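Reckoned from all heavy atoms, side chains included, excluding hydrogens, waters and symmetry mates. The structure displayed is predicted, hence computed values, not measured ones.
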Amino acid sequence: MIAKLRGVVDSTGDDWVVVDVGGVGYLVFASTRTLSRVSVGEAAALIVETHVREDHIHLYGFSAEAERAFFRLLLTVQGVGAKVALAILSVGSPDDIARAIAAADRGMLTRATGVGPKLAGRIVAELKDKVVAFPVHTGGAGAEGVSRIGPVSVSPVAGACDVSGDAVSALVNLGYGRADAFAAVAVSARDLGENATVQGLLSASLRYLGRGLQA
C-alpha cells in the first residue's frame, strides 16, 4: 500500500496531480484545496489513501492528515464515494465541513458536486454525532499533533478555539448533550464571528437550544 508520496509535481488537472518520484509518475486524485497547495515543477509531499479494486488501483492525496481523516469519515456514509468525498472537501476545510454538519447546514454540503439535498441530509444525520469528537492530526504530512474537528479546535487562532471549547463545556455542565452543545456553539460562532466571547456564545447557544426545545 502507498501511504505517502514525496516527489516533483509533473502536471495537474481539475481533480488530479501527477507526482514524479524517481522517474515514476503517480496519478493522484485530490481536492481543489490540496491541488491549490502544489505547483508544477516544485517538490510536494502528499499523504495518500490507496483504494484497490478488481479493475483499478486509485490513489487519493491530501496535504494534511486532517483532510484524509475526514475523507475516511465521509466514506462511511452510504452514497458517498471517493469522488463525492473529494468534492465535499473541495468546498471547505475539514473544520468548516464539521461545523456545517454539526449545525445541520445542508446548504454548504450541496455546494459540492454530486451532493443533493437528500444526500446532504443523510450526511448530517449519520455524522452529526461523530464529528463532535472525531480525532484528526492538525498538521501536514508528517505532523504529529492531534486535535478535534469542529469549533472546539482546529483553528488558526488559539483563543478562538478556547472560547468555543469553553462554551461547549459550559453547556455540557448545564446538562446538555455534547452533540447538541457542539451544534449550538457551531451555529452561534458562525453568527457572531471571530470576536465572539464565551458569554456571547453561551447566551446565543442557549437561545438556539431553547428554540429547539420549543419546536
Side-chain angles (χ1 to χ4, degrees), residues 31 33 64-77 80 85 87-112 115-139 145-215:
S31 70
R33 290 178 57 80
E65 180 61 36
E67 193 178 33
R68 181 174 67 171
F70 214 93
F71 175 80
R72 290 174 171 174
L73 182 63
L74 287 168
L75 292 182
T76 65
V77 179
V80 176
I88 294 172
L89 289 167
S90 293
V91 301
S93 68
D95 185 35
D96 293 332
I97 298 164
R99 288 173 187 262
I101 292 172
D105 183 359
R106 295 171 178 80
M108 177 182 179
L109 297 175
T110 56
R111 286 164 48 194
V115 179
K118 185 176 181 179
L119 182 55
R122 185 183 302 140
I123 293 171
V124 169
E126 295 189 20
L127 300 185
K128 184 175 181 179
D129 292 336
K130 295 181 181 179
V131 298
V132 176
F134 189 73
V136 297
H137 292 75
T138 58
V146 176
S147 188
R148 296 179 185 274
I149 291 177
V152 192
S153 60
V154 195
S155 167
V157 183
C161 301
D162 296 339
V163 168
S164 294
D166 288 346
V168 170
S169 296
L171 290 171
V172 171
N173 291 335
L174 288 173
Y176 291 99
R178 185 167 181 80
D180 290 336
F182 186 98
V185 171
V187 173
S188 300
R190 181 188 62 195
D191 292 343
L192 296 178
E194 296 180 356
N195 296 321
T197 63
V198 173
Q199 186 60 46
L201 283 176
L202 189 56
S203 297
S205 297
L206 287 170
R207 289 194 296 272
Y208 172 86
L209 292 165
R211 289 195 299 272
L213 292 174
Q214 295 169 9

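- Atom-to-atom distance recorded for L127:CG and T76:OG1 is 5.0 Å, nearest 0.5 angstrom.
- Using a 4.5 Å heavy-atom cutoff, the side chains of V185 and Y208 are not in contact.
- Nearest heavy-atom pair, A181 versus V168, reported as atom, atom and distance to 0.1 Å: CB-O, 4.1 Å.
- Side-chain N/O atoms of D191 and S188 include no donor and acceptor closer than 3.5 Å.
- Residues A100 and M108 share a closest heavy-atom pair of CB-SD, 3.5 Å.
- For the pair V124 and R106, the minimum side-chain heavy-atom distance is below 4.5 Å.
- Distance check: L74 CG to I123 CD1 gives 6.5 Å after rounding to the nearest 0.5 Å.
- When all heavy atoms of S205 and L171 are compared, the closest pair comes out as CB-CD1, 3.6 Å.
- Side-chain contact between L109 and V91 is absent, with no heavy-atom pair separated by less than 4.5 Å.
- Smallest separation of non-hydrogen atoms from L202 and A170: CD1-CB, 4.0 Å.
- Of all the heavy atoms in E67 and S31, the pair that sits closest is OE2-OG, 2.5 Å.
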S93 vs D96, side-chain contact (heavy atoms from CB on, under 4.5 Å): CA-CA, chis, key distance, verdict: CA-CA 5 Å; S93 68; D96 293 332; 3.1 Å; yes

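- When every heavy atom of P117 is checked against every heavy atom of T110, the shortest pair comes out as N-CG2, 3.8 Å.
- The shortest side-chain heavy-atom distance between V131 and L73 falls under the 4.5 Å cut-off.
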